[in-house]
Student: 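Here you go, one structure.
Values below: all heavy atoms of this structure, side chains included; hydrogens, waters and symmetry mates excluded.
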Amino acid sequence: MTTTDPLAERFPVRFWAVEDLRGLDFDPFMAERLRDEPVSRVKLPNGEGHAWFVTRYEDVKFVTSDPRFSRQAVLGRPITRLAPHFIPLDEAVGFADPPEHTRLRKAVARAFTARSLDQLRPGAQQAADELLDEMEQEGPPADLMEHLHGPLPLAVISDLMGVPPADRPRMAQWTNIVLSAAPGREASETAKNEMAAYFTHLLDERRAEPREDLAGDLAAAVGEGELSTEEAVAIALLIQASAAHAVRNNSANMVYALLTHPEHMARLRAEPDLLPQAIEELLRYIPHRNAVGLPRVATEDVEVAGVPIRAGDVVHSSYLTANRDPEVFDRPDELDFDRRNNPHLSFGHGPHFCLGSMLARLESEVMLGTLLRRFPRLRLAEPAEKIRWQRQALIRGPENLPVTW
């Protein structure tokens with residue numbers, strides 16, 4: 001006698017192809033799941049088996065904060081996912097659960113306090129001004145990816161980390177390979193290993209000659225026994241790669257959103273004090289990544305929205321769909337700068353809330369504010385449909401952003 005799994009009948013496994021999307025189009029698969037099947041089962045292009053996919057705001061908050069859903073339990077399992085490889089090194093904070101996660105974050109938390117980041121603002125503003133001086137001197141049309149969105153986030157995180165200017169082109173190249181599904185597993189693992197070797201050498205230099213930068217903080221934590229060398233290197237790699245790449249793409253997405261919503265751009269020019277609130281809405285509205293990120297594994301049986309999740313099951317959750325949940329956000333598919341109550345989850349939730357959220361906001365304010373102030377006639381130099389978008393990228397963004405003024 002054979003028995004059927006009742007969950008398999010209620011929740012068929014749906015293959016999620018994760019097609020490349022243009023502009024800021026929202027993934028229709030995500031929209032369908034949020035609307036029709038908020039807790040579903042999916043299979044992604046890489047890895048094995050299937051996973052639960054959780055989409056609604058309150059359910060996403062539950063999964064990402066409840067200790068019964070473990071990041072560490074992901075290690076060693078060929079879990080279904082978008083990329084052919086896992087992005088963090090095994091020792092990284094992204095794979096840790098409390099209390100280990102708390103210990104790892106503590107070693108770098110002081111570099112991301114409001115006071116520490118306020119000290120970065122003048123340097124970020126000066127770098128933005130210099131980059132835009134060069135762009136203005138060359139004259140229109142100009143590619144903002146080349147002149148602003150690429151170099152500024154790389155410079156800011158490299159200054160914070162202690163990566164010298166001569167090494168930044170290599171860092172950018174490694175990061176682009178690691179944070180894309182296109183190059184394949186072997187190329188991505190090679191780039192990740194080369195970055196790890198670089199940071200191992202940089203931490204050795206800081207132990208020999210201490211400096212006041214994040215690499216120096218990590219080296220000191222190793223020297224004091226707070227971190228192993230492998231843990232410190234994994235943290236450095238994750239912060240350097242994610243901060244430069246994510247801010248590069250998402251700040252470009254914000255400018256693209258303004259350029260294609262001219263009434264919103266005009267309002268920001270007329271009301272510059274609205275910029276911080278507008279950035280929060282842009283963070284909510286923009287689908288900044290493809291598919292989903294690092295999953296979790298249920299360590300015991302638990303229900304999500306009445307659906308029984310069994311111990312050992314893999315669970316993906318989506319901050320993007322949570323940000324479009326109509327139960328939380330009125331008219332969620334509209335860009336609304338008057339949205340005052342905006343508890344978006346763009347920087348995550350729970351113990352793994354993004355450590356660099358304030359830094360990303362700072363850089364976005366500097367870039368958008370400076371562009372709006374200096375180029376009152378800024379507009380796209382080509383029709384929006386001709387702009388090229390990155391293919392098979394984990395973090396979405398344009399390849400080029402041609403503008404004129």
Student: Tell me the closest heavy-atom pair linking R68 and F62, and the distance in Å.
Tutor: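 It is NH2-CZ, 3.6 Å.
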Student: Is there a donor-acceptor contact under 3.5 Å linking the side chains of D129 and Q125?
Tutor: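 The criterion, which ignores hydrogens and geometry beyond distance, is satisfied for Q125 and D129.
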Student: Side chains of E280 and H344: do they bring a donor and an acceptor to under 3.5 Å?
Tutor: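 Indeed, the side chains of E280 and H344 share at least one donor-acceptor pair under 3.5 Å.
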Student: Any donor-acceptor pair under 3.5 Å linking the side-chain atoms of H50 with those of T80?
Tutor: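 H50 and T80 do not have a side-chain donor-acceptor pair below 3.5 Å.
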Student: List in chain and number order the residues that pass ring pair (Phe, Tyr, Trp, His ring centres under 6.0 Å) with F11, two or more places apart in sequence or in another chain; answer none if no residue qualifies.
Tutor: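 F11 satisfies ring pair (Phe, Tyr, Trp, His ring centres under 6.0 Å) with W52 once adjacent residues are dropped.
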Student: Is it the case that S364 and N250 place a side-chain donor and acceptor less than 3.5 Å from each other?
Tutor: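 No, because no side-chain N or O of S364 sits under 3.5 Å from a partner of the opposite role on N250.
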Student: Which pair of heavy atoms, one from V292 and one from S317, lies closest together, and at what distance?
Tutor: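 Taking V292 first and S317 second, the nearest heavy atoms are CG1-O, 3.7 Å.
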Student: Between Q240 and T175, does a side chain to side chain donor-acceptor pair (under 3.5 Å) hold up when you go through it step by step?
Tutor: CA-CA 8 Å; Q240 175 76 34; T175 298; 5.8 Å; no
Student: How many angstroms lie between CZ in R105 and CD in E100, if you round to the nearest 0.5 Å?
Tutor: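 With rounding to 0.5 Å, CZ (R105) is 14.5 Å from CD (E100).
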Student: Could you walk me through whether D338 and R267 pass the salt bridge (Lys or Arg N to Asp or Glu O under 4.0 Å) test, one step at a time?
Tutor: CA-CA 11 Å; D338 289 316; R267 185 173 177 195; 2.7 Å; yes
Student: When you compare the side chains of E194 and W174, does any donor N or O come within less than 3.5 Å of an acceptor on the partner?
Tutor: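 Distance-only check passes for E194 and W174.
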Student: Are side-chain heavy atoms of V297 and R77 found at a separation under 4.5 Å?
Tutor: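 Side-chain contact under 4.5 Å: yes.
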Student: For T260 versus A384, what's the shortest heavy-atom pair and its separation?
Tutor: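 Closest pair (atom of T260, atom of A384, distance): CG2-CB, 4.2 Å.
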Student: Could you tell me the separation between the CG atom of L34 and the CZ atom of R56, rounded to the nearest 0.5 Å?
Tutor: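 So the gap between those two atoms works out to 7.0 Å.
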Student: Is the number of heavy atoms from other residues, nucleotides or ligands under 6.0 Å of R324 CZ greater than 12?
Tutor: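 More than 12 heavy atoms, drawn from other residues, nucleotides or ligands, come within 6.0 Å of this atom.
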Student: Can a side-chain donor-acceptor contact be found between E146 and N400 if the only test is distance below 3.5 angstrom?
Tutor: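 No, because no side-chain N or O of N400 sits under 3.5 Å from a partner of the opposite role on E146.
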Student: Are any non-hydrogen side-chain atoms of P287 and N253 less than 4.5 angstrom apart?
Tutor: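 SC-SC contact between P287 and N253 ruled out.
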Student: Considering non-hydrogen atoms only, spot the tightest contact between P376 and R269 and give its length.
Tutor: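 Closest approach of P376 to R269, heavy atoms only: O-CZ, 3.2 Å.
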Student: Can you tell me how far CD1 of I235 sits from CZ of F199, rounded to the nearest 0.5 angstrom?
Tutor: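 Here the interatomic distance stands at 12.0 Å.
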Student: Atom NE2 of H245 and atom CD1 of I157: how far apart are they, to the nearest 0.5 Å?
Tutor: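 So the gap between those two atoms works out to 14.5 Å.
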Student: Could you give me the CA-CA distance, side-chain angles and deciding distance for D20 and Q390, then say whether side chain to side chain donor-acceptor pair (under 3.5 Å) is met?
Tutor: CA-CA 8 Å; D20 286 318; Q390 296 174 48; over 6 Å; no
Student: A side-chain contact here means heavy atoms from C-beta on lying under 4.5 Å apart; do F353 and T64 qualify?
Tutor: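 Side-chain contact under 4.5 Å: no.
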Student: Taking atom CG of D159 and atom CG of L120, what is their separation to the nearest 0.5 Å?
Tutor: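 Reported to 0.5 Å precision, the distance equals 8.0 Å.
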Student: Relative to F29, does R33 satisfy both conditions: NZ or CZ under 6.0 angstrom from the six-membered ring centre, and within 45 degrees of the ring's axis?
Tutor: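 R33 over F29 ring: yes.
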Student: Please check this pair: side chain of E382 against backbone of P402, looking for a donor-acceptor N/O pair closer than 3.5 Å.
Tutor: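 No; zero donor-acceptor contacts below 3.5 Å.
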Student: Just how far is it from atom OG of S318 to atom CG of D59, taken to the nearest 0.5 Å?
Tutor: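 Going from the OG atom of S318 to the CG atom of D59 covers 12.0 Å.
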Student: Give every residue pair that meets the side chain to side chain donor-acceptor pair (under 3.5 Å) criterion with at least one member in residues 283-299, sequence neighbours excluded.
Tutor: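 Non-adjacent pairs meeting side chain to side chain donor-acceptor pair (under 3.5 Å): E281-R284.
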Student: Between H349 and Y319, does the ring centre distance come in under 6.0 Å?
Tutor: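 They do not qualify: ring centres at least 6.0 Å apart.
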